[in-house]
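Structure, as structure tokens:
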Protein chains: 2
Amino acid sequence: MEKPNKSNKVSLAEVAQAAGVSKMTASRVLRGSGGYSEKTRKKVMAQVDLLGYLPNRLATVFSGEKNSTFVGVSIPELGNEVFTQVLEGIDRKLGSFGHQTVLGLTQHTHEEEENWIRTVLSWQPAGLILTGRSHSIRSLEMLRNSGLPIVEIWDLNSSPLDVSVGINHFDSGFEMGRYLISLGYRSLGYVGTSHDTANAATARLDGFTKAVEDGGGSVRRQLCLHDTASFYPGFYGTEQLLSTSQDLECVFYQNDSMAFGGLQFCTARGMRIPEDIGIAGWGDLPIASVLHKRLTSIHVSHLKLGQVAAEKMIGRLSGESVATCNDIGFHLMPGSTVRSNIPV
Amino acid sequence: MEKPNKSNKVSLAEVAQAAGVSKMTASRVLRGSGGYSEKTRKKVMAQVDLLGYLPNRLATVFSGEKNSTFVGVSIPELGNEVFTQVLEGIDRKLGSFGHQTVLGLTQHTHEEEENWIRTVLSWQPAGLILTGRSHSIRSLEMLRNSGLPIVEIWDLNSSPLDVSVGINHFDSGFEMGRYLISLGYRSLGYVGTSHDTANAATARLDGFTKAVEDGGGSVRRQLCLHDTASFYPGFYGTEQLLSTSQDLECVFYQNDSMAFGGLQFCTARGMRIPEDIGIAGWGDLPIASVLHKRLTSIHVSHLKLGQVAAEKMIGRLSGESVATCNDIGFHLMPGSTVRSNIPV
DNA sequence: ATAGATTACGTTACGGGTAACGCAAGCTTT
DNA sequence: AAAGCTTGCGTTACCCGTAACGTAATCTAT
């Protein structure tokens, strides 16, 4: 078994020596910065290939004032497909510009986020992309002190630390509420979860409630579970919800996964959808189309959100002036899990 | 708009000067390596807090022979929930040991993987976790030259570069084939995709075919689409499959997402499941339970796979001797999308 | 032919930490 | 009280590239 340390790294100096030139000349050749003859270039490159030289970016960043190509990206969890898509959008775009993603899973807590920020900053990243607008005091301090470009995503923020990319969650909830009201629903329920940083979901619920009340309805029961926003909590949350409020006409869920759970519960109990109860989700996941019924939901292009976030980061890194507030938008997807017109 | 460069970083030297000690003493205090008085420690720490000093890990790694805390992790794509779970398992475990994930999305191609490997190696990572056992020649060269711990995951490899964590895909396909044969199915079909690095899926198909033929059946039609292994390809792949082979009794899919697509297609065409056709998937995704029918599938603990991969990496980094070949195992999940006993 | 510009390199210093070593002051031992 | 040890801290050198500068050789202009 070999030791992991004692790396047999080939340094630029070794390449230079083997090629019979100075370190500096080898460096110039490798960077293609000019100032060398074709003959020299060939000598150096021959040794690079021969010795299998790989540049040491640590030294490069460390040396000059040029910043690294690392971008720290914090994501609450990967269990939620929504964030997965955002991450994919970010990493692809970042990668196409020669940047690398340093991942951080914060589990929706300030504490994890703060620890991750501290660590990732010590690696001198070029910038940070953070999910959510809510951060601990010490985090804010570190972020500000770092002087780095920061892109806050997910939750649109009119006064972000630096740049914000996301959607207006309040409005999306509001639109769903207005839609359901327009279909004649008046007695509504909500099932979601609560966390340190789940402000977006809260905003959706607030918008939803506002629209429903504006329309003369009411959100009879709001359930905020201390669990992940996934299938099972949706299932048992619905059970809990309906056990005390049988008269609900329609339930709005924090996301599609939870809505699926609710759908499953209702179907298992022999309830017809949408005849007996309406189901509405949020996020419009690809799996929404798995069902024979199309889930009524709010569509957000999560991939695009990630891509735009990465683009804004690239923009900041290249010194362009970047809009502070970037709205990705959403639209309502009418489905067949709510009734399609006002009952007579 | 402030410039992203010109970072007002506080260096150890500044802390030391402010505390009236030498750089080295400040370094010792921060690392807690001993060799300083309590009085000095307080003086230094007071300045650390006051100046908001954050250590520069770049310099640390760059300086000594100690390796970094970065671990490069390559994943083919995040669109597939299977890999998402693996990544979550890796990052959580790695994080709990103070390591960071540098993500690379290879899109199942050798080319992307090779480029990513080159880049990530230039950052002097502590080790690499790669999905798949198939790599380009130049990749292999770089990996070997690096002398770094390498954990290859997903596809169990009896002679890996360094360490392998995964499952035997051939066996999993074989078990599914044998199961379907035991239920009396004889005329079978397969729908999947093909890529540079999708050897695992190929192995599953091989195992499946072997079992089916051993059992006196045959895999009449094998469809390998050039697409992502997701819902829609499953849908139209099934359409294609059934348009030329109406007599298929059961279809095995590369994964659950594709199986869902197939299920959707069949249901839309008015076919009854499992009466008219059987459907079997692979991976046992959480969404498998979204359906009123439970999908017949192969269960693999993807999260655990990721965790074990990270553990093996940690083991290698701390110089422990680590098993070369680590089988995570799988088990067949009988569902209601295939018939439950041999028809009379 | 000679001054001035250009080309093709080499030399030096530096960045932010750390290992290795040096050394003075305080403590113990006999 | 002298020798030996320990403690606490400073000094120096180094890691691997790059910026800035220096210089010898070649080329151009007059």
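Reminder, nothing fancy here: chain letters follow the sequence lines and each chain counts from 1. No experiment lies behind these values; they were computed from the predicted model shown. Just the heavy atoms: all of them, side chains too, but no hydrogens, waters or symmetry mates, feed the values below.
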- Would one find a side-chain N or O of Thr25(B) under 4.0 angstrom from OP1 or OP2 of dG10(D)? yes

- Message: Applying side chain to side chain contact (heavy atoms under 4.5 Å, CB included) to Ser68(B) and Trp123(A), what does each step give before you reach the verdict?
- Response: CA-CA 10 Å; Ser68(B) 79; Trp123(A) 286 106; 3.5 Å; yes

- Message: Need one value for Tyr36(A): base, sugar-phosphate or nothing, where a base atom within 4.0 Å counts as base even if backbone is also close, heavy atoms only.
- Response: sugar-phosphate

- In whole angstroms, the gap separating P of dG16(C) from CG of Asn56(A) amounts to 17 Å

- Message: For a quick check, tell me whether the side chain of Lys23(B) and the base of dG10(D) share a donor-acceptor pair closer than 3.5 Å.
- Response: no

- Whole Å only: how far is the CZ atom of Phe62(B) from the P atom of dG16(C)? 12 Å

- Lys43(A) NZ to dG10(C) C1': how many Å, rounded? 13 Å

- Item | Distance in angstrom units between Lys42(A) NZ and dA8(C) P, rounded | 14 Å

- Message: Using whole Å, what does the distance between atom C1' of nucleotide dA19(C) and atom CG of Leu12(B) come to?
- Response: 15 Å

- Thr131(A) side chain to Ser74(A) main-chain N or O, any donor-acceptor pair under 3.5 Å? yes

- Classify the side chain of Arg28(B) versus the base of dG17(C) as yes if they form a donor-acceptor pair under 3.5 Å and no if they do not. no

- N or O in side chain of Arg41(A) less than 4.0 angstrom from dC9(C) OP1/OP2: no

- Query: Does a side-chain N or O from Tyr53(B) land closer than 4.0 Å to OP1 or OP2 of dG16(C), or not?
  - Reply: no

- Item | Nearest-angstrom distance from the residue atom NZ of Lys39(A) to C1' of dA8(C) | 11 Å

- Task: Return the 5'-most residue of the pair Ala26(B), Ala59(B) with respect to DNA chain D, ranking by each residue's nearest nucleotide.
- Result: Ala26(B)

- Message: Ignoring hydrogens, what is the shortest heavy-atom contact between Thr106(A) and Glu112(A)? Give both atom names and the distance.
- Response: O-CB, 3.2 Å

- Task: Grab the NZ-P distance between Lys9(A) and dG17(D) for me, whole Å please.
- Result: 10 Å

- Task: For dG17(D), take OP1 and OP2 only and decide whether either is under 4.0 Å from a side-chain N or O of Ser11(A).
- Result: no

- Task: Indicate, with a heavy-atom threshold strictly under 4.0 Å, whether Ser37(B) touches base, sugar-phosphate, or nothing.
- Result: sugar-phosphate

- What nucleotide, of dC15(D), dT11(D), dT18(D), holds the atom closest to the side chain of Met24(B)? dT11(D)

- Message: Of the options dG10(C), dG17(D), dT18(D), whose atoms approach the side-chain atoms of Ser22(A) most closely?
- Response: dG10(C)

- Query: Roughly how far, to the nearest 0.5 Å, is CD1 of Ile90(B) from CE of Met313(B)?
  - Reply: 9.0 Å

- Query: How about Arg138(B): does its CZ atom have over 12 heavy atoms from other parts shown lying under 6.0 Å from it?
  - Reply: no

- Expressed in angstrom and rounded to an integer, what is the separation of Arg31(B) atom CZ from dG16(C) atom P? 17 Å

